[in-house]
Novice: 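Have a look at this one.
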Amino acid sequence: MCESCGTATTDPFPSPAELERAYGDWYRPAGDRRFAGFGDRVLARTRAALAARVDAQAPPGPVLDVGAGSGWLVDALARRGRSVTGLERSGHRPDLADAAITDLDGDWAAVVFWHSLEHVADAGDAVAAAARLLRSDGVLVVAVPDNSSLQARVFGDGWLHLDLPRHLVHLTRAAVLTRLETLGLSVQRTSGIRGGQVVIGWLDGMVGRLPGELDLYASLRRDSARAGRVSRTRRLGAIAAGIALYPIALVCAAVEVAARRSGTLYVEARKGPSSSTA
């Protein structure tokens, strides 16, 4: 861990074979139907809202979505008339390229890392590549878990957003903002809410500390989108506990947002005509 900024790297670092098993077919099944109930509809709406935000902030031109998942943001931006390219390892769709951002060229109006930068081993190089690819006045959008957040400190190794071994780096607000400034990008907006996944971080952590080895996040996923089987008793128990603890989680989330130590960080940064891409 970096003593000055709190950023950490997963240690021991997973091998390619371990990463392949960690993602597997269950992590993001075909069709991206991951959650039971209305969870998938919530995801679709949040991606549509993100697309509206990116479209409003970015100048005319193509958008690059790094870590596109099953392409929901790609589709939402395309519906707004944007030309979009998605990057995703072993993507289920032919229009999602299995490529690294560091290998790309072009002139992009916006580059988006939506909860994907933490999956990249060389996160600093990836952000530098994004700055290089942005056209003048282009916008970089980043959403990541914040390793300096209150919930990260409270739950430690049991923090939902630690997500080992898939998350290879564990970034902090200070590290992200410093890197953007080093690259000459002008931070236009930060938010502890817009990055999402704040309340669920508290809920999952609190439920996980109850007796019975309850796993709220796994219980919310569909059977086909879990790494292993969750019994009906444990699933219902975890969901019931999550409902009971929801008001407390809301209060905890509000406190950490007010303290600027939210579980996730959202940043918009703009490239000026003389921005460095070092």
Side-chain angles (χ1 to χ4, degrees), residues 1-28 66-69 87-90 98-103 113-131 140 142-183 192 195-198 200-209 213-218 221 225-228 256 260-267 278:
M1 177 182 288
C2 173
E3 295 296 333
S4 61
C5 69
T7 294
T9 302
T10 295
D11 184 25
F13 201 80
S15 68
E18 288 171 328
L19 279 177
E20 190 66 29
R21 288 194 299 270
Y23 284 100
D25 294 334
W26 64 271
Y27 182 72
R28 184 170 280 113
V66 184
L87 303 183
E88 178 61 35
R89 54 175 289 151
S90 304
D98 188 353
I101 186 174
T102 50
D103 295 331
F113 291 97
W114 185 260
H115 288 283
S116 58
L117 194 58
E118 60 270 27
H119 294 259
V120 180
D122 298 317
D125 290 345
V127 173
L140 175 64
V142 177
V144 292
D146 186 349
N147 198 44
S148 63
S149 66
L150 292 181
Q151 59 183 250
R153 293 294 180 264
V154 168
F155 298 120
D157 290 346
W159 184 38
L160 173 66
H161 300 311
L162 197 61
D163 198 21
L164 301 175
R166 285 171 292 273
H167 288 186
L168 303 177
V169 293
H170 310 280
L171 301 165
T172 65
R173 176 188 180 92
V176 173
L177 297 184
T178 298
R179 182 58 172 157
L180 296 179
E181 291 169 0
T182 300
L183 293 167
Q197 303 183 27
V198 178
I200 187 62
W202 283 103
L203 266 182
D204 181 83
M206 289 189 291
V207 171
R209 288 193 168 181
E213 299 182 355
L214 302 179
D215 187 332
L216 178 61
Y217 186 70
R221 295 178 70 102
R226 297 191 190 113
E256 69 172 0
R260 298 176 69 83
R261 294 185 63 185
S262 177
T264 62
L265 170 69
Y266 173 91
V267 183

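Side chains are part of it too, since the values below use all heavy atoms of this structure and drop only hydrogens, waters and symmetry mates.
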Novice: Short question: side chain of Arg226, backbone of Trp26 - any donor-acceptor pair under 3.5 Å?
Specialist: no
Novice: Before giving the answer on side chain to side chain contact (heavy atoms under 4.5 Å, CB included), spell out for Leu150 and Arg153 the whole-Å C-alpha distance, their side-chain angles and the decisive distance to 0.1 Å.
Specialist: CA-CA 5 Å; Leu150 292 181; Arg153 293 294 180 264; 5.7 Å; no
Novice: Name the orientation class of the two ring planes belonging to Trp114 and Tyr266 (parallel below 30°, tilted from 30 to 60°, perpendicular beyond 60°).
Specialist: perpendicular
Novice: Got Leu164 and Asp157 here, is their nearest side-chain heavy-atom distance under 4.5 Å?
Specialist: no
Novice: Decide yes or no for Met206 and Leu216: does some side-chain heavy atom of the first lie under 4.5 Å from some side-chain heavy atom of the second?
Specialist: no
Novice: Shortest non-hydrogen contact from Ala121 to Val169?
Specialist: O-CG1, 3.7 Å
Novice: Report the distance from atom CG of Asp204 to atom CD of Gln197, rounding to the nearest 0.5 Å.
Specialist: 11.0 Å
Novice: What verdict does the side chain to side chain contact (heavy atoms under 4.5 Å, CB included) test give for Val198 and Gln151, after you've listed the backbone C-alpha separation in whole Å, the side-chain angles of each residue and the deciding distance to 0.1 Å?
Specialist: CA-CA 9 Å; Val198 178; Gln151 59 183 250; 4.1 Å; yes
Novice: Can you find a heavy atom in the side chain of Arg209 that is under 4.5 Å from one in the side chain of Phe155?
Specialist: yes
Novice: Enter the distance from Asp103:CG to Leu87:CG here, rounded to the nearest 0.5 Å.
Specialist: 10.0 Å
Novice: So His170 and His167, would you call those rings parallel, tilted or perpendicular, with 30° and 60° as cut-offs?
Specialist: tilted
Novice: Checking Ser116 side chain against Val66 main chain: does a donor-acceptor pair fall under 3.5 Å?
Specialist: yes
Novice: Given side chain to side chain contact (heavy atoms under 4.5 Å, CB included), test Trp159 with Asn147 step by step and report yes or no.
Specialist: CA-CA 10 Å; Trp159 184 38; Asn147 198 44; 3.9 Å; yes
Novice: What's the shortest heavy-atom distance between Thr7 and Ala175, and which atoms?
Specialist: OG1-CB, 3.1 Å
Novice: Between His115 (side chain) and Gly195 (backbone), is there a donor-acceptor pair under 3.5 Å?
Specialist: yes
Novice: Counting distance only, does the side-chain N/O of Thr102 pair as donor-acceptor with the main-chain N or O of Ala129 below 3.5 Å?
Specialist: no
Novice: Counting only N and O atoms by type, is there a donor-acceptor contact under 3.5 Å from the side chain of Asp122 to the main-chain atoms of Asp125?
Specialist: no
Novice: Between Trp202 and Val154, does a side chain to side chain contact (heavy atoms under 4.5 Å, CB included) hold up when you go through it step by step?
Specialist: CA-CA 9 Å; Trp202 283 103; Val154 168; 4.0 Å; yes
Novice: Does a sphere of radius 6.0 Å around CD in Glu18 hold more than 12 heavy atoms from other residues, nucleotides or ligands, not counting ones at 6.0 Å or beyond?
Specialist: yes
Novice: Minimum heavy-atom separation for Phe113 to Ala130, with atom names?
Specialist: CE1-CB, 3.7 Å
Novice: Is the CZ atom of Arg260 crowded by more than 12 outside heavy atoms at less than 6.0 Å?
Specialist: no
Novice: Do you know which two heavy atoms are closest between Pro145 and His161, and how far apart they sit?
Specialist: CB-CB, 3.7 Å
Novice: Is any side-chain heavy atom of Leu168 closer than 4.5 Å to a side-chain heavy atom of Leu19?
Specialist: yes
Novice: Which atoms form the tightest heavy-atom contact between Val120 and Ala126, and what is the distance?
Specialist: CG1-CB, 4.1 Å
Novice: Please give me the minimum heavy-atom distance between Arg166 and Asp163, naming the atom from each residue.
Specialist: NH2-OD1, 2.8 Å
Novice: Report yes or no: does Arg173 contribute a side-chain atom to a donor-acceptor pair with the main-chain N or O of Asp146 at less than 3.5 Å?
Specialist: no
Novice: Where the side chain of Glu256 meets the backbone of Ser149, is there a donor-acceptor pair that is under 3.5 Å apart?
Specialist: no
